[in-house]
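What follows is a single structure, written as structure tokens, with notes after it.
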Amino acid sequence: MRQETRAVHAGRRVDPATGAVTAPIHLSTTFERAADGGYPMGFSYSRESNPNRRMLEECMAELEGAAAAPAFSSGMAAATAVIESLPPDRPRRLLLPKDVYYGLRPLLTKTDLADRFEVTHIDMTDLDAVRDACTEAAPGMVWLETPSNPLLRVTDIAAAADFAHAAGAVVVVDNTWATPLLQQPLALGADLALNALTKYIGGHSDIMVGAVASRRDDEHLARMRSAQVNKGAVPSPFECWLALRGVQSLSARMERHCRNAAAIADFLVSRPEVSAVHYPGLASHPQHDVAMRQMGGVGGGMLSFELAGGRAAAMAVAASLELITRATSLGGPHSLIEHRASIEGPGTATPDGLLRLSIGLEHEDDLMEDLAQALARWTA
Ligand code: PLP
């Protein structure tokens with residue numbers, strides 16, 4: 001079965017009680033016990049498991065080709081569970097990309113995880129650096145994020161995973177930007193694939209959910225499940241239901257996101273006000289070949305670009321847009337633009353003249369017209 005078909009059917013079933021084709025939302029927090037004390041339907045209390053969550057977890061596991069995919073109350077809750085559940089016999093050193101999603105930095109410097117893990121950031125697109133760091137640092141975990149945020153760098157998952165495994169490390173891929181429709185990290189050698197379903201999978205900027213797909217039913221997965229149930233960072237049944245609804249249209253949406261983004265990238269390349277366009281679908285992108293190989297021949301729905309006029313130009317262009325909304329986040333139907341350096345704050349490595357675009361589902365010509373009028377106003 002192909003991913004597109006899987007996305008429509010995985011985890012779903014006709015409701016046995018009513019025949020409803022779309023599953024009901026099970027808001028009940030508690031489930032009846034049989035006279036013998038057991039739970040014949042397999043559910044006892046909603047934090048432990050819930051029919052909507054179970055359907056979503058089955059769906060994510062199938063899409064990622066995983067043994068299981070516990071769901072959490074956000075992408076960050078999922079990332080926290082991945083890191084703190086690292087089995088105790090593994091070294092406490094983590095290797096992360098230099099341009100890892102910026103939320104990971106405070107997680108690892110400002111919470112209790114800072115006392116429990118040592119963190120090294122490296123350029124994951126430089127495979128020599130990955131090999132050297134894996135050999136020298138002997139990490140317990142190697143964290144990949146590809147394409148990366150906001151520079152859209154692409155890491156060769158299979159090659160990096162080989163180096164990490166040779167050093168005995170667990171390999172995690174944050175698959176949020178590509179989604180399992182474009183990229184299947186476990187098939188490329190990763191052990192865990194994390195998705196913030198908040199983004200493309202939910203698809204409408206109205207839920208917060210995360211999930212971690214694990215290739216194996218092993219100790220790391222058991223510890224993540226324990227963190228999920230016993231620490232309690234679980235998504236609500238309604239959000240699980242919305243996420244599962246979102247998955248069903250994911251392939252059609254991704255097609256449109258990717259087509260629009262490719263057109264906008266070409267348009268931006270042609271503009272004199274723009275000094276750089278970061279989009280893996282462009283033949284000029286430094287890791288274009290790897291991206292095409294591991295992302296199903298498309299560049300994804302995200303891109304960023306730099307203005308020759310630096311920060312002032314970036315702020316002015318963003319301010320002049322009439323259709324594209326100035327807001328953080330990504331993966332929804334509406335195109336969003338963001339001046340990343342100012343949201344990431346002091347110490348960010350993001351260029352000051354960079355704007356990040358989450359390309360939505362609008363008509364590409366309307367997006368280009370909006371960008372064209374905003375760029376023209378800056379140069380006027
Ligand atoms: N991973 C990536 C790549 C992200 O872009 C984000 C959020 O922007 C997250 C993880 C965190 O997801 P959430 O906001 O659901 O916690």
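Both counts, for ligands and for their atoms, begin at 1 and track the order of listing. All figures in this text were calculated on a predicted structure; none of them were measured in a lab.
- Residues I324 and M368 are members of one and the same hydrophobic cluster, defined by side-chain heavy-atom contacts under 4.5 angstrom among Ile, Leu, Val, Met, Phe, Trp and Tyr.
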Under 3.5 Å, N/O to N/O: give me all the pairs between ligand 1 and the protein, one per line with atom names and distance.
residue: ligand 1; atom: 1 (N); partner: D174; partner atom: OD2; Å: 2.6
residue: ligand 1; atom: 8 (O); partner: K199; partner atom: NZ; Å: 2.9
residue: ligand 1; atom: 15 (O); partner: G75; partner atom: N; Å: 2.8
residue: ligand 1; atom: 15 (O); partner: T198; partner atom: OG1; Å: 2.6
residue: ligand 1; atom: 16 (O); partner: G75; partner atom: N; Å: 3.1
residue: ligand 1; atom: 16 (O); partner: M76; partner atom: N; Å: 2.8

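- Between the side chains of E338 and T328, at least one donor N or O lies within less than 3.5 Å of an accepting N or O.
- With a 6.0 Å radius and a threshold of 12 heavy atoms from other residues, nucleotides or ligands, R245 has its CZ atom at or below the threshold.
- A salt bridge is defined here as a Lys NZ or Arg NE, NH1 or NH2 lying under 4.0 Å from an Asp or Glu carboxylate O, and R90 with E219 fails to meet this definition.
- Side-chain contact, Q228 with R225: no donor N or O sits under 3.5 Å from an acceptor N or O.
- For the pair M124/R153, no side-chain contact is recorded, criterion being any heavy-atom separation below 4.5 Å from C-beta on.
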